[in-house]
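Whatever order the structure lists ligands and atoms in, that order sets their numbers, starting from 1.
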Amino acid sequence: MAHLEQRYPNLHVSSHPLVAHKLTLLRDKGTAPKQFRELVRELSWLIGYEAMADLTTRPMGVETPLEVMEGAELEPRVGLVPVLRAGLGMVDAMLELMPTSQVWHIGLYRDERTLKPVEYYNKLPDAATVQVCLILDPMLATGGSSAATVDILKAWGAARIKQVSLIAAPEGIATLSEAHPDVDIHVCAVDRALNDRGYIEPGLGDAGDRQFGTFAGPGSEPGHPSDETAEIVRRLQRTLAVD
Ligand code: PRP
Ligand code: URA
(Lines give C-alpha, C1' and ligand atoms only; values in the text may rest on other atoms or scores of the structure.)
(Ligands and ions follow the chains in the order given, each with its own letter.)
Protein backbone atom coordinates (compact mmCIF):
# COMPACT_ATOMS: atom_id res chain seq x y z
CA MET A 1 0.00 0.00 0.00
CA ALA A 2 3.06 2.27 0.04
CA HIS A 3 2.16 3.50 -3.46
CA LEU A 4 -1.27 4.63 -2.26
CA GLU A 5 0.26 6.50 0.67
CA GLN A 6 2.67 8.21 -1.73
CA ARG A 7 -0.09 9.08 -4.13
CA TYR A 8 -2.44 10.30 -1.39
CA PRO A 9 -0.51 12.06 1.38
CA ASN A 10 -3.80 12.47 3.28
CA LEU A 11 -3.89 8.66 3.80
CA HIS A 12 -2.59 7.30 7.12
CA VAL A 13 -2.51 3.52 7.56
CA SER A 14 -1.81 2.21 11.05
CA SER A 15 1.25 0.01 11.47
CA HIS A 16 0.57 -0.81 15.11
CA PRO A 17 0.86 -4.54 15.91
CA LEU A 18 -2.16 -4.43 18.25
CA VAL A 19 -4.25 -3.05 15.40
CA ALA A 20 -3.09 -5.84 13.07
CA HIS A 21 -3.86 -8.48 15.70
CA LYS A 22 -7.33 -7.22 16.58
CA LEU A 23 -8.25 -6.57 12.95
CA THR A 24 -7.48 -10.19 12.11
CA LEU A 25 -9.90 -11.34 14.82
CA LEU A 26 -12.50 -8.89 13.52
CA ARG A 27 -12.24 -10.25 9.98
CA ASP A 28 -12.71 -13.88 11.09
CA LYS A 29 -16.09 -15.11 9.87
CA GLY A 30 -16.44 -17.08 13.11
CA THR A 31 -16.36 -13.92 15.25
CA ALA A 32 -19.86 -13.52 16.70
CA PRO A 33 -21.56 -10.12 17.11
CA LYS A 34 -20.66 -9.70 20.80
CA GLN A 35 -16.93 -10.12 20.23
CA PHE A 36 -17.21 -8.23 16.93
CA ARG A 37 -18.63 -5.20 18.76
CA GLU A 38 -15.89 -5.40 21.40
CA LEU A 39 -13.23 -5.47 18.69
CA VAL A 40 -14.80 -2.56 16.80
CA ARG A 41 -14.68 -0.60 20.03
CA GLU A 42 -11.05 -1.51 20.79
CA LEU A 43 -9.89 -0.80 17.23
CA SER A 44 -11.75 2.52 17.23
CA TRP A 45 -9.90 3.50 20.38
CA LEU A 46 -6.54 2.66 18.79
CA ILE A 47 -7.15 4.25 15.38
CA GLY A 48 -8.92 7.22 16.98
CA TYR A 49 -5.87 7.83 19.16
CA GLU A 50 -3.69 7.92 16.05
CA ALA A 51 -6.14 10.14 14.18
CA MET A 52 -6.05 12.76 16.94
CA ALA A 53 -2.26 12.97 17.14
CA ASP A 54 -2.14 16.35 15.40
CA LEU A 55 -4.93 18.11 17.29
CA THR A 56 -3.72 21.39 18.73
CA THR A 57 -3.54 22.20 22.44
CA ARG A 58 -3.35 25.44 24.37
CA PRO A 59 -1.61 26.03 27.70
CA MET A 60 -3.65 25.30 30.81
CA GLY A 61 -2.44 25.81 34.34
CA VAL A 62 -2.77 22.92 36.76
CA GLU A 63 -1.94 22.59 40.44
CA THR A 64 -0.39 19.24 41.34
CA PRO A 65 -0.08 18.26 45.02
CA LEU A 66 3.46 19.70 44.83
CA GLU A 67 3.33 22.81 42.69
CA VAL A 68 1.62 24.79 39.97
CA MET A 69 2.66 23.98 36.42
CA GLU A 70 1.62 24.68 32.87
CA GLY A 71 -0.26 21.77 31.32
CA ALA A 72 -2.29 21.63 28.12
CA GLU A 73 -5.90 21.34 27.04
CA LEU A 74 -7.32 20.40 23.67
CA GLU A 75 -7.96 23.53 21.66
CA PRO A 76 -10.57 22.73 19.00
CA ARG A 77 -14.14 21.76 19.68
CA VAL A 78 -14.46 18.26 18.27
CA GLY A 79 -17.51 16.65 16.67
CA LEU A 80 -17.86 12.91 16.26
CA VAL A 81 -19.94 12.08 13.20
CA PRO A 82 -20.94 8.40 13.17
CA VAL A 83 -22.47 7.29 9.89
CA LEU A 84 -25.51 5.11 10.70
CA ARG A 85 -25.64 2.29 11.27
CA ALA A 86 -22.18 0.81 11.33
CA GLY A 87 -20.45 3.93 12.66
CA LEU A 88 -22.44 3.67 15.91
CA GLY A 89 -20.06 1.01 17.20
CA MET A 90 -17.16 3.44 17.08
CA VAL A 91 -18.74 6.22 19.15
CA ASP A 92 -18.25 5.00 22.72
CA ALA A 93 -14.52 4.44 22.28
CA MET A 94 -14.06 7.91 20.85
CA LEU A 95 -16.13 9.44 23.65
CA GLU A 96 -13.87 7.71 26.15
CA LEU A 97 -10.92 9.44 24.50
CA MET A 98 -12.66 12.82 24.21
CA PRO A 99 -15.59 12.99 26.63
CA THR A 100 -16.45 16.60 25.76
CA SER A 101 -16.96 15.85 22.06
CA GLN A 102 -20.29 16.54 20.45
CA VAL A 103 -21.90 13.64 18.58
CA TRP A 104 -23.74 14.41 15.35
CA HIS A 105 -25.31 11.38 13.66
CA ILE A 106 -25.67 11.18 9.90
CA GLY A 107 -27.97 8.52 8.45
CA LEU A 108 -26.87 7.14 5.09
CA TYR A 109 -27.36 3.77 3.52
CA ARG A 110 -25.80 2.52 0.33
CA ASP A 111 -28.31 1.55 -2.33
CA GLU A 112 -27.47 -2.11 -3.04
CA ARG A 113 -27.99 -1.79 -6.79
CA THR A 114 -26.49 1.61 -7.63
CA LEU A 115 -24.01 1.68 -4.70
CA LYS A 116 -24.93 5.37 -4.26
CA PRO A 117 -25.47 6.76 -0.75
CA VAL A 118 -29.03 7.64 0.26
CA GLU A 119 -29.40 10.18 3.08
CA TYR A 120 -32.15 9.53 5.64
CA TYR A 121 -31.09 11.31 8.84
CA ASN A 122 -29.44 14.66 9.39
CA LYS A 123 -30.25 16.95 12.33
CA LEU A 124 -27.27 19.28 12.05
CA PRO A 125 -28.13 22.80 13.17
CA ASP A 126 -27.74 25.68 10.71
CA ALA A 127 -24.15 26.59 11.55
CA ALA A 128 -21.22 24.41 12.57
CA THR A 129 -20.78 24.07 16.35
CA VAL A 130 -17.39 22.33 16.17
CA GLN A 131 -14.10 23.00 14.42
CA VAL A 132 -12.88 19.45 13.82
CA CYS A 133 -15.17 16.65 12.65
CA LEU A 134 -14.21 12.98 12.81
CA ILE A 135 -16.36 10.89 10.49
CA LEU A 136 -16.74 7.44 12.04
CA ASP A 137 -17.53 4.57 9.69
CA PRO A 138 -15.82 1.16 9.82
CA MET A 139 -15.91 0.65 6.04
CA LEU A 140 -14.69 2.92 3.23
CA ALA A 141 -15.69 0.94 0.15
CA THR A 142 -16.59 2.93 -3.00
CA GLY A 143 -16.11 6.09 -0.95
CA GLY A 144 -19.57 7.35 -1.92
CA SER A 145 -20.93 7.46 1.66
CA SER A 146 -17.84 9.18 2.96
CA ALA A 147 -17.65 11.78 0.19
CA ALA A 148 -21.36 12.55 0.71
CA THR A 149 -20.79 12.99 4.46
CA VAL A 150 -17.87 15.34 3.82
CA ASP A 151 -20.08 17.36 1.44
CA ILE A 152 -22.66 17.68 4.23
CA LEU A 153 -20.07 18.72 6.82
CA LYS A 154 -18.37 21.23 4.55
CA ALA A 155 -21.73 22.82 3.71
CA TRP A 156 -22.34 22.96 7.48
CA GLY A 157 -19.09 24.91 7.94
CA ALA A 158 -16.74 22.36 9.54
CA ALA A 159 -13.22 23.75 9.25
CA ARG A 160 -11.37 20.43 9.43
CA ILE A 161 -12.60 16.93 8.66
CA LYS A 162 -11.02 13.52 9.16
CA GLN A 163 -12.32 10.14 8.06
CA VAL A 164 -11.72 7.39 10.64
CA SER A 165 -12.34 3.87 9.35
CA LEU A 166 -11.26 0.33 10.10
CA ILE A 167 -10.90 -1.06 6.56
CA ALA A 168 -10.69 0.80 3.24
CA ALA A 169 -10.63 -0.26 -0.39
CA PRO A 170 -8.19 1.49 -2.74
CA GLU A 171 -11.20 2.62 -4.79
CA GLY A 172 -12.73 4.40 -1.80
CA ILE A 173 -9.47 6.09 -0.87
CA ALA A 174 -9.11 7.38 -4.43
CA THR A 175 -12.71 8.62 -4.64
CA LEU A 176 -12.57 10.44 -1.32
CA SER A 177 -9.05 11.84 -1.81
CA GLU A 178 -9.79 13.14 -5.27
CA ALA A 179 -13.07 14.74 -4.21
CA HIS A 180 -11.67 16.07 -0.92
CA PRO A 181 -7.84 16.07 -0.80
CA ASP A 182 -7.93 18.14 2.40
CA VAL A 183 -9.61 15.32 4.36
CA ASP A 184 -7.22 13.09 6.31
CA ILE A 185 -8.05 9.38 6.10
CA HIS A 186 -7.05 7.20 9.05
CA VAL A 187 -7.48 3.45 8.61
CA CYS A 188 -6.34 0.22 10.22
CA ALA A 189 -5.80 -1.44 6.83
CA VAL A 190 -6.20 -0.98 3.08
CA ASP A 191 -7.49 -4.13 1.41
CA ARG A 192 -7.07 -5.50 -2.12
CA ALA A 193 -10.14 -4.26 -4.04
CA LEU A 194 -13.93 -4.13 -4.30
CA ASN A 195 -15.79 -7.15 -5.62
CA ASP A 196 -18.69 -7.10 -8.09
CA ARG A 197 -21.13 -6.15 -5.33
CA GLY A 198 -19.02 -3.30 -4.03
CA TYR A 199 -17.84 -5.26 -0.98
CA ILE A 200 -14.27 -4.95 0.18
CA GLU A 201 -12.10 -8.03 -0.38
CA PRO A 202 -10.86 -9.69 1.75
CA GLY A 203 -12.67 -7.30 4.12
CA LEU A 204 -14.93 -8.55 6.86
CA GLY A 205 -18.34 -8.70 5.16
CA ASP A 206 -21.09 -6.30 6.17
CA ALA A 207 -19.95 -4.29 9.19
CA GLY A 208 -23.48 -3.25 10.20
CA ASP A 209 -24.90 -6.76 10.01
CA ARG A 210 -21.96 -8.27 11.86
CA GLN A 211 -22.23 -5.75 14.71
CA PHE A 212 -25.97 -5.94 15.10
CA GLY A 213 -26.60 -9.59 14.17
CA THR A 214 -28.93 -8.68 11.28
CA PHE A 215 -28.19 -11.39 8.76
CA ALA A 216 -31.14 -11.65 6.40
CA GLY A 217 -30.12 -14.83 4.59
CA PRO A 218 -28.03 -15.89 1.60
CA GLY A 219 -29.45 -13.20 -0.72
CA SER A 220 -28.07 -10.49 1.55
CA GLU A 221 -24.58 -11.91 1.77
CA PRO A 222 -21.71 -10.56 -0.32
CA GLY A 223 -21.15 -12.53 -3.52
CA HIS A 224 -24.44 -12.26 -5.46
CA PRO A 225 -23.83 -9.42 -7.89
CA SER A 226 -26.39 -7.99 -10.26
CA ASP A 227 -25.00 -7.20 -13.71
CA GLU A 228 -25.75 -3.53 -13.15
CA THR A 229 -23.90 -3.34 -9.83
CA ALA A 230 -20.91 -5.21 -11.22
CA GLU A 231 -20.74 -2.77 -14.14
CA ILE A 232 -20.86 0.19 -11.71
CA VAL A 233 -17.88 -1.25 -9.81
CA ARG A 234 -15.95 -1.92 -13.03
CA ARG A 235 -16.63 1.64 -14.22
CA LEU A 236 -15.40 3.02 -10.90
CA GLN A 237 -12.23 0.92 -11.12
CA ARG A 238 -11.58 2.01 -14.71
CA THR A 239 -12.13 5.67 -13.87
CA LEU A 240 -9.80 5.60 -10.91
CA ALA A 241 -7.27 3.22 -12.51
CA VAL A 242 -6.23 1.98 -9.09
CA ASP A 243 -3.39 -0.51 -9.32
C1 PRP B 1 -21.81 0.57 4.84
C2 PRP B 1 -20.68 1.21 5.60
C3 PRP B 1 -20.55 2.55 4.94
C4 PRP B 1 -20.87 2.21 3.51
C5 PRP B 1 -19.58 2.12 2.76
O6 PRP B 1 -23.02 1.03 5.28
O7 PRP B 1 -20.92 1.30 6.98
O8 PRP B 1 -21.42 3.54 5.44
O9 PRP B 1 -21.53 0.95 3.50
O10 PRP B 1 -19.80 1.95 1.41
P11 PRP B 1 -19.38 3.02 0.32
O12 PRP B 1 -17.99 3.47 0.65
O13 PRP B 1 -19.43 2.22 -0.95
O14 PRP B 1 -20.37 4.13 0.32
P15 PRP B 1 -24.41 0.41 4.74
O16 PRP B 1 -24.88 1.14 3.54
O17 PRP B 1 -24.25 -1.07 4.59
O18 PRP B 1 -25.43 0.77 5.87
P19 PRP B 1 -25.57 0.18 7.34
O20 PRP B 1 -24.36 0.64 8.11
O21 PRP B 1 -26.81 0.82 7.82
O22 PRP B 1 -25.67 -1.33 7.26
N1 URA C 1 -20.10 -1.98 3.59
C2 URA C 1 -19.70 -2.99 4.41
O3 URA C 1 -20.22 -3.14 5.52
N4 URA C 1 -18.77 -3.85 3.96
C5 URA C 1 -18.18 -3.71 2.77
O6 URA C 1 -17.30 -4.52 2.42
C7 URA C 1 -18.59 -2.65 1.93
C8 URA C 1 -19.55 -1.79 2.36
Side-chain angles (χ1 to χ4, degrees), residues 11 23 26-29 31 33 36-37 39-41 43-44 47 80-91 104-122 134-153 163-180 183 185-217 219-226 228-237 239-240 242:
L11 172 64
L23 189 62
L26 188 77
R27 291 179 189 276
D28 189 332
K29 68 178 185 185
T31 298
F36 193 92
R37 288 191 295 272
L39 288 163
V40 167
R41 179 192 178 100
L43 284 162
S44 303
I47 194 72
L80 305 177
V81 184
V83 178
L84 305 178
R85 291 175 299 166
L88 283 176
M90 301 178 72
V91 176
W104 294 103
H105 300 82
I106 296 291
L108 290 179
Y109 71 87
R110 191 173 76 149
D111 183 285
E112 279 187 11
R113 197 172 48 81
T114 65
L115 301 181
K116 296 276 176 257
V118 181
E119 185 179 330
Y120 62 89
Y121 184 84
N122 174 354
L134 302 180
I135 300 174
L136 308 181
D137 192 334
M139 308 305 273
L140 179 61
T142 64
S145 304
S146 169
T149 307
V150 174
D151 288 340
I152 291 168
L153 295 175
Q163 170 82 22
V164 183
S165 293
L166 303 186
I167 300 181
E171 295 89 335
I173 289 164
T175 300
L176 178 58
S177 303
E178 284 174 23
H180 299 288
V183 171
I185 303 174
H186 291 268
V187 291
C188 299
V190 179
D191 277 8
R192 190 175 62 249
L194 296 178
N195 69 12
D196 282 354
R197 280 197 63 184
Y199 276 81
I200 301 173
E201 289 186 338
L204 52 73
D206 188 300
D209 286 344
R210 291 200 64 187
Q211 282 182 76
F212 302 116
T214 49
F215 305 102
S220 71
E221 293 300 313
H224 300 271
S226 74
E228 187 186 350
T229 312
E231 179 49 29
I232 289 167
V233 173
R234 280 195 292 274
R235 209 179 310 134
L236 177 71
Q237 289 170 336
T239 312
L240 299 169
V242 170

Polar proximity ligand 1 side, [X] side, N/O cut 3.5 Å exclusive:
| X | answer |
| --- | --- |
| Tyr109 | no |
| Val83 | no |
| Leu140 | no |

Mind checking the [atom1]-[atom2] spacing from [X] to [Y]? Nearest 0.5 Å is all I need.
| X | Y | atom1 | atom2 | result |
| --- | --- | --- | --- | --- |
| Gln237 | Thr142 | CD | OG1 | 11.0 Å |
| Arg37 | Leu26 | CZ | CG | 12.5 Å |
| Glu201 | Ile167 | CD | CD1 | 12.0 Å |
| Leu140 | Glu171 | CG | CD | 10.0 Å |

Item to check | Sub-4.0 Å protein heavy atom near atom 1 (C) of ligand 1 | outcome: no
Next on the checklist: Protein non-hydrogen atoms only, distance under 4.0 Å: does atom 12 (O) of ligand 1 have such a neighbour?
Outcome noted: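 Within 4.0 Å: yes, protein heavy atom nearby.
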Can you list the atoms of ligand 1 that are under 4.0 Å from a heavy atom of [X]?
| X | value |
| --- | --- |
| Ala86 | 7 (O), 20 (O) |
| Arg85 | 19 (P), 20 (O), 21 (O), 22 (O) |
| Met139 | 3 (C), 5 (C) |

Checklist entry - How close does the nearest protein non-hydrogen atom get to atom 15 (P) of ligand 1, and which residue and atom is it? => result Arg110 N, 4.2 Å
Item to check | Protein contact to atom 17 (O) of ligand 1 [nearest heavy atom, distance to 0.1 Å] | outcome: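 Answer, as residue, atom name and distance: Asp206 OD2, 4.0 Å.
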Checklist entry - Any side-chain heavy atom of Leu136 sitting closer than 4.5 Å to one from Val81? => result no
Checklist entry - With a 4.5 Å limit on heavy-atom distance, are the side chains of Met90 and Pro82 in contact? => result no
Checklist outcome for this item: To atom 4 (C) of ligand 1, the nearest of Gly172, Ser145, Ala207, Gly87 on a heavy-atom basis is Ser145
Checklist entry - When you look for heavy atoms under 4.0 Å from ligand 1, do you find them on the side chain of Asp137, its backbone, both, or neither? => result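 Only the side chain of Asp137 comes within reach of ligand 1.
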Next on the checklist: Set out, in order, the CA-CA distance, both residues' side-chain angles and the distance that settles side-chain hydrogen bond (donor to acceptor under 3.5 Å, both in side chains) for Thr214 and Arg85, then state yes or no.
Outcome noted: CA-CA 11 Å; Thr214 49; Arg85 291 175 299 166; 3.0 Å; yes
I'd like to know if the side chain of [X] and the backbone of [Y] have a donor-acceptor N/O pair within less than 3.5 Å.
| X | Y | result |
| --- | --- | --- |
| Glu228 | Arg113 | no |
| Arg27 | Leu204 | no |
| Asp137 | Met139 | yes |

Checklist entry - Under a strict 4.0 Å criterion on non-hydrogen atoms, which protein residues are in contact with ligand 2? => result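 Under the 4.0 Å cut-off, ligand 2 touches Arg110, Met139, Ala141, Gly198, Tyr199, Ile200, Gly205, Asp206, Ala207.
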Checklist entry - If you measure from the Lys or Arg side-chain nitrogens to the Asp or Glu carboxylate oxygens, is any gap between Arg210 and Asp28 under 4.0 Å? => result no
Checklist entry - Between Tyr109 and Tyr120, what is the ring plane arrangement, given parallel below 30°, perpendicular above 60°, and tilted in between? => result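 Taking Tyr120 first and then Tyr109, their aromatic rings sit tilted (interplane angle of 30° to 60°).
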Checklist entry - Gly143: heavy atom below 4.0 Å from ligand 1, yes or no? => result yes
